[in-house]
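Take a look at the structure set out below.
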There are 2 protein chains.
Amino acid sequence: MPLNSGQIDKRIRAFTKICRQSGVRATHQRREIFREVARTDEHPDAETIYKRVRKRMPTVSLDTIYRTLSLLEEKGLLKRLELFSGRTRFDANTQPHHHFICTQCGLVRDFTSEQMDALARPNEVRSWGEVRSVNVQLRGICSACRAKGRRARAK
Amino acid sequence: MPLNSGQIDKRIRAFTKICRQSGVRATHQRREIFREVARTDEHPDAETIYKRVRKRMPTVSLDTIYRTLSLLEEKGLLKRLELFSGRTRFDANTQPHHHFICTQCGLVRDFTSEQMDALARPNEVRSWGEVRSVNVQLRGICSACRAKGRRARAK
DNA sequence: CCTGAAATAAGAATTATTCCTATTTAATTA
DNA sequence: TAATTAAATAGGAATAATTCTTATTTCAGG
Ligand SMILES: [Mn+2]
Ligand SMILES: [Mn+2]
Ligand SMILES: [Zn+2]
Ligand SMILES: [Zn+2]
């Protein structure tokens with residue numbers, strides 16, 4: 001499910017614009033880190049981004065990865081997902097959307113649903129506070145993992 | 001929103017039964033740790049449970065807390081929630097339900113919704129794998145935090 | 001080309017969680 | 001009840017993800 005390059009370009013332009021507007025420097029490191037998240041829909045974690053960016057910038061530090069990801073989140077250019085214990089994952093899709101999550105291999109896929117976006121929130125919820133976002137997580141087992149499981153059992 | 005003691009008792013009975021059935025020892029530690037999660041709906045983290053259990057069992061170790069929580073999860077007596085980075089939280093409500101989450105203070109509240117449980121999953125999702133659970137997260141700001149924010153701004 | 005503020009690299013520190021192992025405990029049996 | 005023994009625990013060490021500290025580098029403006 002590769003992103004089309006139009007979408008990637010759009011994200012990169014948003015990055016450039018936001019940097020200029022908010023007066024933060026669009027450094028080489030920041031550009032490469034953002035590009036690496038923006039070019040994929042696989043919701044990578046910090047370590048994965050680090051490894052990929054290092055291919056083209058061998059001296060980049062892991063700390064810069066984390067600092068930059070936090071900055072980008074703060075500027076609204078990406079979202080942080082806490083789906084599993086241990087590793088935070090990052091999402092350059094800032095449109096409201098939902099996730100299918102494979103609990104076996106960690107696959108995360110985006111989908112949208114008007115029905116889910118339009119969910120009526122129960123009255124009790126209204127009394128607890130103000131809802132800012134609705135996120136639906138469908139957890140299960142992806143096709144690849146299911147096939148792998150079948151093969152293992154067949155032995 | 002305190003739990004009624006009937007519900008707590010029901011959970012404790014489930015614990016006792018599961019331990020006997022699956023041949024794990026119902027130790028003093030396990031009973032106290034489970035009771036501490038079962039008696040509240042605030043979705044505590046391991047550290048919080050540790051502090052509370054220690055009041056009555058001062059020698060309990062943090063490792064036992066973690067080991068026991070994992071065991072209880074494995075036996076289906078509680079669920080693990082990864083809502084924020086850093087700390088895992090635990091939920092003795094094993095019925096399907098959804099959550100309102102305050103992103104400021106970490107408040108988590110349960111609610112149920114037939115509409116949400118009945119959500120149709122898009123076709124594309126069906127092709128990705130098999131969905132085992134549906135979880136809706138409503139993120140926002142709770143009333144207490146909003147009031148606190150207003151007071152701070154008023155100064 | 002300077003200058004100063006912002007950003008980075010590298011490694012230390014912190015935090016949550018898991019691992020190791022000597023000791024204790026609970027269930028079973030005599 | 002006492003002895004047996006596998007399971008469980010306590011306490012401290014280890015690990016993994018993330019954040020902090022600080023000396024050095026970079027970049028924008030003058
Ligand atoms: Mn996404
Ligand atoms: Mn819950
Ligand atoms: Zn999978
Ligand atoms: Zn709050």
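Side chains are part of it too, since the values below use all heavy atoms of this structure and drop only hydrogens, waters and symmetry mates.
- For B:Thr40 (side chain) and B:Glu36 (main-chain N/O), no donor-acceptor pair under 3.5 Å exists by modelled atom type.
- Between the side chains of B:Arg31 and B:Thr16, no donor N or O sits under 3.5 Å from an acceptor N or O.
- Side-chain N/O atoms of B:Tyr66 include none lying less than 4.0 angstrom from OP1 or OP2 on C:dT18.
- As a whole-Å value, the separation of B:Glu47 CD from C:dT18 P is 14 Å.
- Atom CG of B:Leu69 and atom P of C:dA16 are 15 Å apart (whole Å).
- Looking at every heavy atom in both residues, B:His99 comes nearest to B:His43 through NE2-NE2, 3.3 Å.
- Boundaries of the chain A contact region on DNA chain D are D:dA17 to D:dC27, first to last in 5' to 3' order (nucleotide atom under 4.0 Å from a heavy atom).
- Using modelled atom types and a 3.5 Å distance limit, the side chains of A:Arg121 and B:Ser113 yield no donor-acceptor pair.
- Side-chain atoms of A:Thr94 never come within 3.5 Å of backbone atoms of A:Leu78 as a donor-acceptor pair (strictly under, hydrogens ignored).
- For the pair A:Arg89 (side chain) and A:Gly106 (backbone), a donor-acceptor distance under 3.5 Å is present.
- The side chain of B:Thr88 places an N or O atom within less than 4.0 Å of a non-bridging phosphate oxygen (OP1 or OP2) of C:dT17.
- If you find the closest nucleotide of DNA chain C to B:Arg80 and to B:Ala26, the one lying nearer the 5' end belongs to B:Arg80.
- Axis orientation changes by 30° from one end of the helix from C:dC1-D:dG30 to C:dA30-D:dT1 to the other, with each end axis drawn from 5 pairs and the value rounded to 10°.
- Taking the side chain as every heavy atom from C-beta outward, B:Pro122 and A:Met116 approach each other to under 4.5 Å.
- Two residues are said to be in side-chain contact when any heavy atoms from C-beta on lie closer than 4.5 Å; B:Arg56 and B:Arg35 meet this criterion.
- Distance alone, capped at 3.5 Å, places no donor-acceptor pair between the B:Arg11 side chain and the B:Leu77 backbone.
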Problem - Per-nucleotide protein contact string for nucleotides 1-13 of chain C (B base, S sugar-phosphate only, - none; heavy atom under 4.0 Å) - result: ----BBSBBBB--

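- Atom CD of B:Glu114 has 12 or fewer heavy atoms from other residues, nucleotides or ligands within 6.0 Å.
- If you measure from atom CD1 of B:Ile49 to atom P of C:dA16, you get 14 Å, rounded to the nearest angstrom.
- When all heavy atoms of A:Cys145 and A:Cys102 are compared, the pair lying nearest together is SG-SG, 3.7 Å.
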